[in-house]
Amino acid sequence: MSLSRRAFLTQTGLIGCSLAASPLVTPVSFAATPGENRLIVIILRGGMDGMGVVTPYGDPNYAALRGALPFDGPQGAIDLDGFFALHPALAPLMPMWQAGQLAFAHAVSTPYRDKRSHFDGQDILEAGISDLSQGLSRDGWLNRMLQHYPGVTTETAYAVGRDALMVLNGAAPVLRWSPNADLALSPQALRLAEIVMAEDPAMAAALAKAYDLADSDGDPIAVEGGMDEMMAMVRQDMKGAAQGRTETRVAKFVADRLSAEARVAAFSLNGWDTHNGQARSLPRALGRLAQTLLALQADMAPGVWDRTAIVAMTEFGRTARMNGTKGTDHGTGGAMLMAGGAIRGGRVFTDWPGLSEADLFDRRDLMPTSDVRRYAGWLMPGLFGLSHGMVEGAVFPGVDLGADPGLLA
Amino acid sequence: MRFDPVLAEIRFGCGLSPFVPAPESVEALLAGLTAPDVVAERFPVETFEAFLPRVREVGRLRQIRRANRGTAEDDDAREAIQRLNQAARVESFKWMAAHIARRVETTAPLRERMAFFWADHFTATGKDSVLRRASSPYLESAIRPNMTGTFEDLLFEAVTHPLMVHYLDQAFSMGPNSQRAKVKKGRGLNENLAREVLELHTLGVDGPYTQTDVTELAELFTGLTHNFQKQGRAFNPNLSEPGTQTILGKTYGPDGAMRDIRRVLRDLARHPATARHIARKLAVHFVSDTPDPALVDDLTAVYRDTGGELMPLYRALLTHPASWDTDQPNVKQPFDFVTSALRALAVPPEVYLPLPERRFRVLFERPMVGMGHVWDKPDGPDGLPEEDSAWITPQGLAARLQWSMIVPQQLVPDLPDPRDFVRQALGRRATATLEFAAAAAESRADGIGIVLASPAFQRM
């Protein structure tokens with residue numbers, strides 16, 4: 001028998017489908033919210049310091065690891081629940097927290113252990129598999145979820161940005177678009193391109209979609225000013241992309257698409273690899289995350305935010321102690337963020353492991369007590385009607401979903 | 001259909017050039033593969049052997065860091081590593097420029113295409129520090145000199161190469177009963193390389209192997225590792241699983257070490273499933289996503305009859321009538337497209353070789369990311385997609401169109417007349433509609449851009 005991972009996943013997928021269709025199995029309420037719910041996955045590349053973002057200041061061993069947490073003044077942490085405190089750079093999200101639309105899961109990680117490589121860690125995070133000892137799967141978990149999404153179309157899912165976003169690789173159709181990969185052409189060139197592409201149906205269809213997307217993402221594609229202006233626009237886009245100031249454009253684009261036909265989107269935010277001077281670098285990354293979430297909320301059509309769940313996850317947490325350069329090194333357990341009107345928030349979900357020397361993983365990292373895949377996985381039945389068997393068998397093969405944490409409002 | 005110089009240069013070469021004549025015959029195309037490698041001399045890419053000192057230096061500095069945590073020596077070493085990473089990054093774009101120049105200038109275009117075909121079949125890259133820039137040196141040392149012998153030799157060179165061993169996690173895989181496993185509890189076998197060898201490199205995903213074959217092959221591979229401090233290739237008996245292993249019904253070992261690895265790779269290379277897998281991949285890559293089954297059958301037969309001799313296989317590909325079908329032509333991959341555009345415009349190497357990194361990346365590397373090819377950063381060991389649908393996407397096509405319209409003018413101040421260029425770049429393949437559009441453009445830049453972005457130029 002041939003043993004391909006693809007074939008394996010397809011097979012388990014088929015089993016999942018037929019079970020769901022079987023009258024002997026309790027039907028999942030596909031009809032409850034037919035196709036109106038949204039899921040946004042944000043990959044935080046670089047390894048977010050969960051302890052620095054949602055700080056367990058109430059743990060008796062915390063101060064010994066990182067010093068007493070200041071609460072006063074504009075740079076002071078914001079108490080969440082008497083045990084955890086929020087980093088001040090996320091203060092703009094406090095209204096979301098108070099509205100019960102922002103939550104965190106803490107002491108969580110992927111199943112990745114020991115080597116602490118970004119490359120492998122992100123591969124495991126996006127593949128949604130348990131380890132790399134059998135190599136990498138060719139597809140990502142979000143694409144596998146789409147393969148079980150009822151009535152998936154070419155407009156259902158978007159991979160946004162220049163990032164490869166392996167999490168969306170796979171057999172289900174995914175549109176890829178970067179608002180920064182903009183088109184800027186003379187009006188006549190646009191028309192001539194349409195004329196020549198008309199001789200090739202596949203290219204004509206792709207071009208029509210490209211015009212449609214490029215025109216809807218903030219600035220027009222027809223440029224009257226000639227070559228210099230065109231080059232300047234393209235250079236500006238590239239510069240923006242290189243300097244990471246693209247997040248509000250990405251957020252606006254995602255909000256627009258999800259307000260239309262799209263239901264699933266993924267993009268990534270970089271800048272979490274805070275080895276040095278974390279007091280400067282972490283707030284920058286958090287500021288971008290906060291602006292992204294606020295822009296998503298603000299730019300969605302009325303009612304859409306209430307049907308939206310956002311999950312932001314990273315490849316690993318960072319060391320419990322600060323290092324010699326006022327930063328943190330690659331670790332294990334960390335935090336993930338959930339937001340949106342569909343989330344029952346205002347809570348930090350955790351089975352807190354403690355921070356004494358013996359509680360730490362390898363005596364250096366926050367001990368993970370739960371799997372990020374559990375939280376992402378528990379969103380799927382409620383949002384899209386996937387059965388637990390589909391999630392545990394096909395989307396995240398081998399994961400144990402455990403008890404329902406009650407993530408959805 | 002039969003050999004045609006224009007289609008030969010477009011489909012099996014690097015695209016039409018106003019200065020380099022198209023190949024006159026199959027023999028001429030094949031001869032280029034074994035002729036002296038003139039463009040490699042003119043436009044050098046660092047060999048892996050020459051690259052190794054960069055890796056060694058990073059290793060030495062890391063030792064200093066470990067021994068001096070939190071001190072000034074630690075800081076100095078960290079900064080020195082950053083400088084080495086930066087230098088390797090800058091060089092990696094020089095090598096990309098050299099690959100472009102080879103394609104634009106070569107009179108042996110099939111060699112350039114084959115080098116990329118096999119480098120993609122045996123995709124390998126580094127996962128940290130300077131090794132992330134080692135893909136071009138790997139291509140130069142492990143692939144390019146080994147494309148005209150037998151598949152089994154190429155397979156052995158690629159699979160046992162230190163970069164592949166590093167990339168597919170073979171380096172620290174240890175047999176469950178190895179000497180090392182007795183000391184290092186909780187560590188053990190890693191099947192990654194073994195699985196990819198069966199699934200990607202030899203038998204193919206539908207090949208006749210089982211999970212047991214994967215595990216046994218992984219056990220046979222234990223001991224295969226790397227030593228970047230020495231010559232790179234290495235075998236460590238302490239990691240090696242004792243006893244024999246059985247793969248596809250054949251037994252290997254005990255303790256044959258590298259000899260057994262060579263034997264099993266030879267047997268896998270000669271397996272009929274491998275013959276079909278390689279035949280099909282060549283046909284799909286060079287001719288069409290849906291090649292004529294007769295082409296795949298005939299290539300498979302040649303592979304089997306010759307035991308995987310590559311030159312007869314290439315000859316069979318080039319002489320087969322179905323290889324010249326133009327019903328369902330492939331779309332050029334981004335690097336094929338960009339380089340064939342430069343070749344059609346005869347952009348002199350002096351224009352792009354000396355460009356500073358930032359400018360070079362704005363003109364070439366970043367646009368190619370938009371087209372879907374991230375240079376030196378493969379999505380996975382299966383390399384670039386072969387299917388056209390992966391390339392003809394809204395974003396990918398927009399990036400091709402935008403590049404076509406603005407970059408040529410940055411490189412060639414006096415662009416040719418689009419009405420001449422359309423014929424010169426495409427020969428008889430230019431359609432009436434395209435000729436009209438090229439003439440109707442309101443600027444030379446737009447006219448050249450329309451020709452380059454057109455289906456006739458995008459397909460091969």
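The model shown is predicted, which means the values in this text are computed figures rather than measured ones. Chain naming here is simple, since letters A, B, ... match the order of the sequence lines and numbering starts at 1 in each.
Note: A:Phe119 CZ to B:Leu131 CG = 11.5 Å, rounded to the nearest 0.5 Å. The line from CG of B:Leu401 to CG of A:Leu207 is 6.5 Å long, rounded to the nearest 0.5 Å. Atom-to-atom distance recorded for B:Glu442:CD and A:Ser186:OG is 4.5 Å, nearest 0.5 angstrom. B:Leu397 contributes atom CG, which lies 4.5 Å from atom CE of A:Met197 (distance to the nearest 0.5 angstrom).
Comparing B:Thr431, B:Val374, B:Asp128 by heavy-atom pairs within less than 4.5 Å of chain A, the highest count is held by B:Thr431. The candidate with the highest count of non-hydrogen atom pairs below 4.5 Å against chain B, out of A:Arg176, A:Lys209, A:Glu199, A:Met166, is A:Glu199. If you tally non-hydrogen atom pairs under 4.5 Å between each of A:Asp114, A:Asp120, A:Asn323, A:Asp123 and chain B, the highest count goes to A:Asp120. Contact tally against chain B (heavy-atom pairs below 4.5 Å) for A:Gln188, A:Arg191, A:His118: the top residue is A:Gln188.
Counting heavy atoms from C-beta outward, A:Asn169 and B:Asp379 have side chains that approach closer than 4.5 Å. Looking at heavy atoms from C-beta onward, A:Asp200 lies out of side-chain contact with B:Gln458 at the 4.5 angstrom threshold.
For chain A, the nearby part of B:Asp169 is the side chain; its heavy atoms alone come within less than 4.5 Å. Looking at B:Leu434, both its backbone and its side chain come within 4.5 Å of chain A, counting heavy atoms on both sides. For B:Arg459, the part lying under 4.5 angstrom from a heavy atom of chain A is the side chain only. With a threshold of 4.5 angstrom between heavy atoms, B:Thr393 approaches chain A through N, CA, C or O but not through any side-chain atom. B:Arg69 does not touch chain A: none of its heavy atoms, backbone or side chain, sits under 4.5 Å away. At a 4.5 Å heavy-atom cutoff, B:Asp388 makes no contact with chain A through either its backbone or its side chain.
Of all heavy-atom pairs between B:Ala441 and A:Leu192, the closest is CA-CD1, 3.6 Å. Between A:Leu213 and B:Pro394 the shortest heavy-atom distance is CD1-CB, 4.3 Å. When all heavy atoms of A:Ala189 and B:Ile450 are compared, the closest pair comes out as O-CD1, 3.9 Å. The heavy-atom pair separating A:Ala202 from B:Ile392 by the smallest distance is O-CG2, 3.7 Å.
For A:Glu194, the CD atom counts as densely surrounded, since its 6.0 Å shell holds more than 12 non-hydrogen atoms of other residues, nucleotides or ligands. Open room surrounds CZ on B:Arg419; 12 or fewer heavy atoms of other groups in view lie less than 6.0 Å from it.
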